Amino acid sequence: MIFIAGAQFLAAANKVSSFKTTGITMTDTPLDRANFIIFPPVIPYSTLAIACVLQWLAPLGLVANIDQGLRTGLGALIVIAGMATMSAGHRALLRHGTNVNPLRPTTALVTDGVFRRTRNPLYVGVSVALCAIALIFALDWMLVLIVPACVILHFAVVRREESYLERKFGEAYRRYKERVPRYLLD
């Protein structure tokens, strides 16, 4: 139900209503942004929430069997790597003067820094960080749900962002796609 309402909101947000205000006529023109199905941050946040609820209702107990010190130490290193990847992507976008917010237009094609290793450092970083959180807090369900969450992210967001960037930046984006993997491994 939430996803349906979100999809309806985004469909409405893609169009600007026709109306007249102080002599300015607005038309139904599409907004300059990716036409994603689900607002990207909803996916990791809802995955974490669902994993916590499922862990509470029906714990699997697999990760909890690993030594807590090992889980915490390894998880801390992995969460730092995920957060560093996200942060590097965020800083690179800001450095080039383009929007980080997916509801805003992309104004520059960023291909340096962490974007030389992956075309989606923010999504890679958050996925890695979620796996680390699963380790630290023994959330078996997070490790189960991260797979469908990444599939949803891929089809509902990433593929649509790629189409938008290809329309906007043309050949430059196609060359970039040939050089750099979508995620870390392609």
Side-chain angles (χ1 to χ4, degrees), residues 1-16 28-51 81-134 141-186:
M1 188 68 164
I2 292 172
F3 290 124
I4 293 170
Q8 290 171 342
F9 168 77
L10 290 174
N14 281 331
K15 298 281 184 185
V16 178
D28 287 337
T29 57
L31 293 176
D32 180 15
R33 68 166 176 82
N35 187 25
F36 45 80
I37 296 172
I38 302 170
F39 184 58
V42 168
I43 298 168
Y45 289 135
S46 60
T47 303
L48 180 59
I50 293 167
M83 297 298 286
T85 302
M86 287 187 325
S87 178
H90 189 268
R91 285 190 322 271
L93 293 171
L94 292 177
R95 188 173 56 251
H96 285 274
T98 191
N99 293 301
V100 178
N101 182 344
L103 293 173
R104 308 277 305 160
T106 300
T107 58
L109 180 60
V110 180
T111 61
D112 63 348
V114 71
F115 283 91
R116 280 184 279 164
R117 304 244 185 259
T118 173
R119 297 192 314 257
N120 295 287
L122 281 79
Y123 302 142
V124 169
V126 75
S127 298
V128 168
L130 286 175
C131 291
I133 289 168
W141 282 103
M142 176 56 74
L143 297 175
V144 172
L145 294 176
I146 195 72
V147 174
C150 287
V151 170
I152 292 168
L153 183 69
H154 176 77
F155 289 104
V157 177
V158 173
R159 298 284 299 258
R160 291 166 172 271
E161 286 179 346
E162 289 177 342
S163 294
Y164 164 69
L165 294 172
E166 194 163 330
R167 281 190 313 275
K168 184 147 187 165
F169 297 106
E171 188 58 34
Y173 185 70
R174 284 188 284 280
R175 284 192 312 272
Y176 174 61
K177 279 182 15 176
E178 290 172 5
R179 288 192 326 269
V180 178
R182 180 180 282 140
Y183 304 110
L184 287 176
L185 305 171
D186 260 359

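For the single chain, residues carry numbers from 1 onward in sequence order. Please read all numbers here as calculations on a predicted model, not as lab measurements.
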With sequence neighbours excluded, residues passing side-chain hydrogen bond (donor to acceptor under 3.5 Å, both in side chains) with D112: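 Partners of D112 under the side-chain hydrogen bond (donor to acceptor under 3.5 Å, both in side chains) test: H96.
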Residues in side-chain hydrogen bond (donor to acceptor under 3.5 Å, both in side chains) contact with E171, at least two apart in sequence or another chain: R174
For [X] and [Y], which heavy atoms make the closest approach, and how far apart are they?
| X | Y | answer |
| --- | --- | --- |
| A149 | T47 | CB-OG1, 3.3 Å |
| L103 | N101 | N-OD1, 2.8 Å |
| P102 | R33 | O-CD, 3.5 Å |
| Y176 | F115 | OH-O, 2.7 Å |

Would you mind writing out the side-chain donor-acceptor pairs for residues 152-162 within the sub-3.5 Å range, not counting sequence neighbours?
residue, atom, partner, partner atom, Å
H154, ND1, Y183, OH, 2.8
R160, NH1, N35, O, 2.9
E161, OE1, Y123, OH, 3.3
E161, OE2, Y123, OH, 2.7
E162, OE1, R182, NE, 3.4
E162, OE1, R182, NH2, 2.9
E162, OE2, R119, NH2, 2.7
E162, OE2, R182, NE, 2.7

Results of side chain to side chain contact (heavy atoms under 4.5 Å, CB included) for L48 - residues two or more places apart only: C52, L130, I133, L139, M142
L184 and T85: CA distance, side-chain angles, deciding distance, side chain to side chain contact (heavy atoms under 4.5 Å, CB included) verdict: CA-CA 11 Å; L184 287 176; T85 302; over 6 Å; no
Side chains of L122 and L93 in contact at under 4.5 Å (non-hydrogen atoms): yes
Pairs involving residues 142-152, ordered by first then second residue, that meet side chain to side chain donor-acceptor pair (under 3.5 Å) (sequence neighbours left out): none
Spacing of M86 atom CE and H90 atom NE2 [to the nearest 0.5 Å]: 9.5 Å
Can you list, pair by pair, the side-chain donor-acceptor contacts under 3.5 Å of residues 104-111, counting residues two or more places apart and other chains?
residue, atom, partner, partner atom, Å
T107, OG1, G97, O, 3.1
T107, OG1, T98, OG1, 3.3

Main-chain N/O of V42 paired with S46 side-chain donor or acceptor, under 3.5 Å: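 Side chain of S46 to backbone of V42, a donor-acceptor pair under 3.5 Å: yes, one is there.
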